[in-house]
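Since we're looking at a predicted model, the values are computed, not measured. In what follows, every chain begins at residue 1, and chains take the letters A, B, ... in the order their sequences are listed.
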Amino acid sequence: MKERSNVRHSVIRQEKPIYWSRIIVKTFSYLVLAIGCIMVFIPIAAVIFGAFKDSKDVANTGALELPTHWVFDNFKTAFIDGKVLKGLGNTAIIIVVSCVGTIMTGTMTAFVIQRFDGKMTRFIKAAFLLATLLPNISMQVTVFQIMYKLGLYRTFAAPIVLYVGTDIISIYIFMQFLSQIPTSLDESGIIDGASYPRIYFSIILPNLKPAIATVLIIKFVGIYNDFYTPNLYMSEDDPVVSTVLYSFISGKRTQWEIVFAGIILCIIPTLIMFLTLQKYIYNGLVSGAVKE
Amino acid sequence: MKTKRKHAPFKKWIKTYEGQKFYISVLFLLIPVLLLAVFTFVPAVNMIVYSFQDRDKYGANVSWVGIQNYKTIFTDTSILSTFKNSLYYLCGSFIQQVIALLVASILCSKIRAKGLFKGILFFPYLMNGVAVSIIFKKFFVKGERGIVPEGTLNSVLSVFGIEPIKWISAESPLLANICLVFVSIWRYVGFDIIMYIGAINSISPDLYEAADLDGANPWQRFKYIVFPSIKPIISLQLILAVKGAISVFEIPYIITGGTMNTSTFVIDTINTAFSKNKVGLASAMAVILLVIIIIVTLLQKYFFREDGSKLRQRRKTREGKR
């Protein structure tokens, strides 16, 4: 026993040669990461400190100085008077409806296109493929006319219809995923006498769960952060998160302490989502981008 | 009696799998295809038609003007200068790729608190674009005594004894654009880092082991193993960067509103359509953007098919040799 431990000791004590190059690389690595994190933090820190200052403090102290006395009223003002609460509520409504819509239409389209091979489905698939070429943002010049004629301008329906109807990436994610679900699963359903609607609802849909999760994450991030669509189509009385924040700075006089509080309130939901679903977010967003 | 007979086979047929396929296809595709047509293809066709017209936002006062709109675009210096601004963003995204590659390879080596660093660097990508833009509006502000407090960047620099600088101003469009590009990099670099981490992690560990046995240093490891393996993703990123640079919108729109020579082509298009109410001209601009994007996409498809087939060929020859 004793001998053994002695042997072990001697192995541990054997000194490793010092690799200077390795130390330099390590130091450099941590330095790069530290600088990166400081770069991320500094602009945000100014906002966090600013949100707890009163208007005098904001004018008289430096952006990165702590508040002379901590104030919490800014949050209340931004939340109620600044309509952040209303913005969050409206955004939630739009996200829920759009997500349900996208999952329904996306999975159904993918199911038909992927499973029923024929001239018609191939043609429709090509049409969806062609649509990915069109740059969404400048298309709005003419989409606006259609929205206006359909009477959807300044309603919740305008952004929802666009989020559901022009989201081709989701269809691709579903199709990609469906191609990995073996058709023998459908066939076994057919042998058991299940109808196609039954196959879709009890075989396909449950098996698509991971793809649905991916699409939900992409949609949530996309809609929550979208400024362009609601700014163009929704009325000022029914703001979403982005347009509420924009209204803070587009007025004549900007009350920075309220703006900062508003920003923090709007980022908290994102932060919570990120911390709870971190792993899925990395995978989801990357897989969404690769298909683009 | 006759009609009944006609109906009966239909009722039977609809219950067969052939019939089910038919009605499921129709039911399931009706809404998506309708939405696709109304909100993608009809506007696309309209865009081309409108580009030869002079018309306002609500579709009144339409008159045909031929190719006048296109002539205007190619002679208007203010519109052409937006393409110059796109070049800033293009250079910015090259720098962004370099930073992302560096950080991603660091995060793939043996490092403590990897997840934390990754999370912090990625988080700006998830933040609301308007929030980011406002944060940087504050960041670059130059203060005026007693009226506007000093911005974040000038506050930091004053610690080092540097005089406040007017970062975003009409006097120096170059500096203003560089600041906006910086914001864009700040916001999007985290995403590229995650992309590259994914790509680097998918490289077989055997290769690293072999390199370690040969005593490769980190730079050699990057040059001979990592870089060749993730080359397709890098070139894809570069092509996407071209598309991104031409369609920059949100950050400059919120921070400067496109003033001070920081406008982009998309901001110009949108302002032409909705502020100046010249939908005809804006449609022509949109058509030009569409053409540019289609060309870039086709190049991307062409190069990537090429890459894929080359890879396959190489694999085949290798298998043949075995």
Side-chain angles (χ1 to χ4, degrees), chain A residues 21 25 29 32-33 36-37 39-40 42-44 46-47 58-59 62-64 105 108-109 111-112 116 124 127-128 131 133-135 137-139 141-143 145-146 148 161-162 164-166 190 195-197 221 224-225 227-228 241-242 245-246 249 256 259 263 266-267 270 274 278 282 286, chain B residues 20-21 24-25 28-29 31-33 35-36 38-40 42-44 46-47 50 58-59 102-103 106 109 111 117 119-121 123-124 126-131 134-136 138-139 149-152 155-156 194-195 198 217-218 247 249-250 266 269 273 279 282-283 286 289-290 293-294 297:
Chain A
S21 64
V25 169
S29 302
V32 168
L33 293 178
C37 291
M39 296 277 255
V40 169
I42 285 181
I44 299 175
V47 170
V58 167
L64 288 174
T105 57
M108 286 175 170
T109 313
F111 174 65
V112 173
F116 304 158
I124 290 168
F128 276 107
L133 276 180
L134 305 170
I137 201 157
S138 61
M139 287 280 286
V141 171
T142 43
V143 171
Q145 325 276 317
I146 290 169
Y148 186 74
V161 153
L162 285 180
V164 174
T166 59
I190 290 175
S195 61
Y196 273 121
V221 174
Y224 192 84
N225 293 341
F227 161 69
Y228 184 72
V241 168
S242 303
L245 290 178
Y246 188 62
I249 58 154
W256 284 105
V259 179
I263 288 176
C266 292
I267 286 177
T270 314
F274 180 54
Q278 205 168 16
Y282 291 142
V286 169
Chain B
Q20 279 181 18
K21 254 187 190 178
I24 284 283
S25 302
F28 279 15
L29 288 181
I31 292 172
V33 169
L35 288 174
L36 182 73
V38 173
F39 293 105
T40 303
V42 172
N46 282 350
M47 199 163 83
Y50 291 178
Y58 303 110
L102 174 67
V103 175
I106 288 174
S109 62
I111 283 275
F117 283 125
I120 291 171
L121 294 170
F123 189 66
L126 288 180
M127 277 167 67
N128 188 295
V130 183
I134 296 175
I135 288 173
F136 278 96
K138 175 71 189 167
F139 188 76
E150 208 62 66
T152 316
S155 300
V156 173
I194 302 298
M195 281 276 266
N217 67 29
S247 41
F249 171 74
E250 206 170 59
V266 173
T269 307
V279 169
S283 298
L289 183 72
L290 174 67
I293 294 216
I294 287 179
T297 310

In terms of heavy-atom proximity below 4.5 Å to chain B, should [X] be classed as side chain, backbone, both, or neither?
| X | result |
| --- | --- |
| A:Val141 | both |
| A:Phe128 | both |
| A:Val143 | both |
| A:Ile124 | side chain |
| A:Val47 | side chain |
| A:Tyr148 | side chain |

If you tally heavy-atom pairs under 4.5 Å against chain B, which of [options] wins?
| options | answer |
| --- | --- |
| A:Cys266, A:Pro197, A:Ala46 | A:Pro197 |
| A:Leu33, A:Ile44, A:Val112, A:Ile42 | A:Leu33 |
| A:Ile137, A:Thr166, A:Val259 | A:Ile137 |
| A:Val221, A:Ile249, A:Leu162 | A:Ile249 |
| A:Gly36, A:Cys37, A:Pro43 | A:Pro43 |
| A:Thr105, A:Val32, A:Val40 | A:Val40 |

Using a 4.5 Å cut-off on heavy atoms from C-beta on, say whether the side chain of [Y] contacts that of [X].
| X | Y | result |
| --- | --- | --- |
| B:Asn46 | A:Ile146 | yes |
| B:Ile24 | A:Phe111 | yes |
| A:Thr270 | B:Met127 | no |
| B:Pro32 | B:Leu36 | no |
| A:Tyr196 | B:Lys21 | yes |
| A:Thr109 | B:Ile31 | no |
| B:Phe249 | B:Thr269 | no |
| A:Leu134 | B:Met47 | no |

Does any backbone or side-chain atom of [X] lie under 4.5 Å from a heavy atom of chain A? Answer side chain, backbone, both or neither.
| X | value |
| --- | --- |
| B:Leu290 | both |
| B:Ile293 | side chain |
| B:Ala131 | both |
| B:Val266 | side chain |
| B:Phe139 | side chain |

Strictly distance-based, threshold 3.5 Å: is any side-chain N or O of B:Tyr50 a donor or acceptor partner for the main-chain N or O of A:Thr142? no

Treating A:Asn225 as the side-chain partner and B:Leu126 as the backbone partner, does any N or O pair qualify as donor plus acceptor under 3.5 Å? yes

When the ring planes of A:Tyr282 and A:Phe274 are compared, do they come out parallel, tilted or perpendicular, using 30° and 60° as the limits? perpendicular

